[in-house]
Amino acid sequence: MNDTSPTFLWGASTAPHQIEGNNVNSDWWAREQQTPGMALSGDAIDSYHRYGEDMRLLADAGLNAYRFGIEWSRIEPIPGHFSKAELAHYRRMIDTALGLGLTPVVTLQHFSTPKWFADEGSWMVESAIDRFARYVTEATSILDGVEWVCTLNEPNMLAMMGTMMKAAEAGGGDWQSPTIEGDVQMVLPPPDPETGHRLARVHDRAREILKERTGAKVGWTVANQALTAKPEHQARLVEERYVREDLYLEAARQDDFIGVQSYSTQEVDGNGPVPHAPHPDNTLAGTAYRPDSLGMAVRHTWEVTGGVPVLVTENGIATGDDTRRIAYTDEALRHLGAAMDDGVDVRGYLHWSALDNYEWGHWEPTFGLIAVDRETFERRPKPSLAWLGGLARSGKGPTS
Ligand code: IFM
């Protein structure tokens, strides 16, 4: 049993491009227009205007934290031109969260970048380090009072998108969603290691700037696949883990915290990760129903980082059945509690996601604690929101 310290964070997470709407200066907006058949983000769920209502629903339910992002392509729509109005918008979001008693956990970059940055070569070029550093420096002007800052979201997925982009440019592959396993059982390609090492330098530089100019705890958030070996394939597991995950966990050893993001688990054989077999229990994202993955991810992260404090920055399930969401989360939290009992220092649990949202080219996989009518933008809290808020209010941490 883990008693909640006053600082244990119970909350939910979102990302700007997935909820704000009309993120027209971003690379993702352009990609949606250019990719045949890809669902558009459009107005998304209009959180750009409705963030106050969204945060109030979380706070009223009993949660004490909200992870959200600030959108680089709004803040710097033209290279070197920073919008004071957009910076003020995000400062208002921070103030709203603080006013409602929600600890803001602010992500500086969550998959989308300015279109001009993508046109320059995105993360695959050396200039990316200076470009991001310039943006981070400006962003520090609105971070007063923010205790938790995530630099890059899922750098391992960003590097994997680098692999996909290289393949697409060479005419050798179609763009695929980075987060959905399609009907054709797909395994995401390994992240491009060169991009991975550059992202680690981008993160180091951002951390330096943030530590110099703010009082925030700084970390990044890594997509954890809770990989395991099929019999005889331990060596391949070690290789796959390094390129897909551990490179990014090792790069967090100097950080104040590491964001753990976990949904499912995957086996590795001699060919790499094995696609999830079709199964009636699979989630709407095509992944296996594995609430135990959170405990596995947290333990592996703790081991590889050498004991960097953990913040669960994402965990959840794509399902249309909210009872199943509660069952999944309940079990995931028991595994988290067991890892804490064994000594892993976990500072909080932020559920993915606060609201049903745009899932990178798709609208069907619904991860939210709150449903949204996409015509009227009406918010409809699901029972899982009150359930999670109840855990937060109970004054106890996750129990094994
Ligand atoms: O929606 C994504 C999020 O943007 C990054 N982590 C995984 C989530 C669910 O696929």
Side-chain angles (χ1 to χ4, degrees), residues 11-21 23 26-29 31-32 38-39 41 44-45 47 66-73 105-113 150-161 164 176-182 186-188 191 199 219-226 244-245 248 258-266 276 282-291 293-294 297-298 301 311-320 325 328-329 332 349-370 372 384:
S13 293
T14 57
H17 188 75
Q18 295 179 265
I19 60 167
E20 287 183 340
N23 190 16
S26 73
D27 60 335
W28 262 90
W29 184 267
R31 181 171 298 124
E32 291 162 23
M38 188 186 264
S41 54
I45 52 169
S47 260
Y66 180 42
R67 173 182 174 227
F68 59 92
I70 64 173
E71 176 59 41
W72 182 6
S73 61
V105 177
V106 175
T107 308
L108 302 183
Q109 194 273 336
H110 191 126
F111 289 175
S112 50
T113 66
C150 312
T151 58
L152 304 177
N153 178 73
E154 296 186 351
N156 46 343
M157 299 302 272
L158 279 180
M160 190 267 299
M161 289 182 224
M164 286 175 166
Q176 296 163 322
S177 166
T179 54
I180 310 282
E181 295 211 7
M186 165 185 114
V187 169
L188 297 169
L199 290 171
W220 68 358
T221 64
V222 175
N224 289 263
Q225 283 118 333
R244 289 176 187 269
E245 207 163 283
Y248 304 88
I258 173 78
V260 169
Q261 316 211 142
S262 165
Y263 294 87
S264 188
T265 169
Q266 202 148 14
H276 292 123
N282 282 2
T283 72
L284 292 177
T287 51
Y289 180 89
R290 290 295 299 266
S293 64
L294 182 58
V298 156
T301 299
L311 183 61
V312 177
T313 38
E314 289 185 21
N315 170 250
I317 176 171
T319 177
R325 182 177 341 278
Y328 172 95
T329 310
Y349 173 85
L350 308 175
H351 190 81
W352 185 271
S353 179
L355 302 117
D356 289 343
N357 61 36
Y358 179 69
E359 180 62 24
W360 309 109
H362 304 264
W363 280 102
E364 299 77 25
T366 42
F367 286 89
L369 300 168
I370 302 169
V372 181
S384 52

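Note that ligands are numbered from 1 as they come in the structure, with each ligand's atoms numbered from 1 the same way.
Separation of the Tyr263 and Tyr328 ring centroids does not fall under the 6.0 Å cut-off. Aromatic ring centres of His110 and Trp220 lie farther apart than the 6.0 Å criterion allows. Less than 6.0 angstrom separates the ring centroid of Trp363 from the ring centroid of Tyr358. Side-chain rings of Trp29 and His17 stay apart, their centers remaining 6.0 Å or farther from each other.
Here Ala226 pairs with Thr265, Ser293, Met296 under the side chain to side chain contact (heavy atoms under 4.5 Å, CB included) rule; sequence neighbours left out.
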Per-pair distances, ligand 1 N/O vs protein N/O, less than 3.5 Å:
unit_1   : atom_1 : unit_2 : atom_2 : d
ligand 1 : 1 (O)  : Gln18  : NE2    : 2.9
ligand 1 : 1 (O)  : Trp352 : NE1    : 3.4
ligand 1 : 1 (O)  : Glu359 : OE1    : 2.7
ligand 1 : 1 (O)  : Glu359 : OE2    : 3.4
ligand 1 : 4 (O)  : Gln18  : OE1    : 2.7
ligand 1 : 4 (O)  : His110 : NE2    : 2.8
ligand 1 : 4 (O)  : Trp360 : NE1    : 2.9
ligand 1 : 6 (N)  : Glu154 : OE1    : 3.4
ligand 1 : 6 (N)  : Glu154 : OE2    : 2.8
ligand 1 : 6 (N)  : Glu314 : OE1    : 2.6
ligand 1 : 10 (O) : Glu359 : OE2    : 2.5

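Within the 4.5 Å cutoff, the side chain of Cys150 has no heavy atoms near those of the Val106 side chain.
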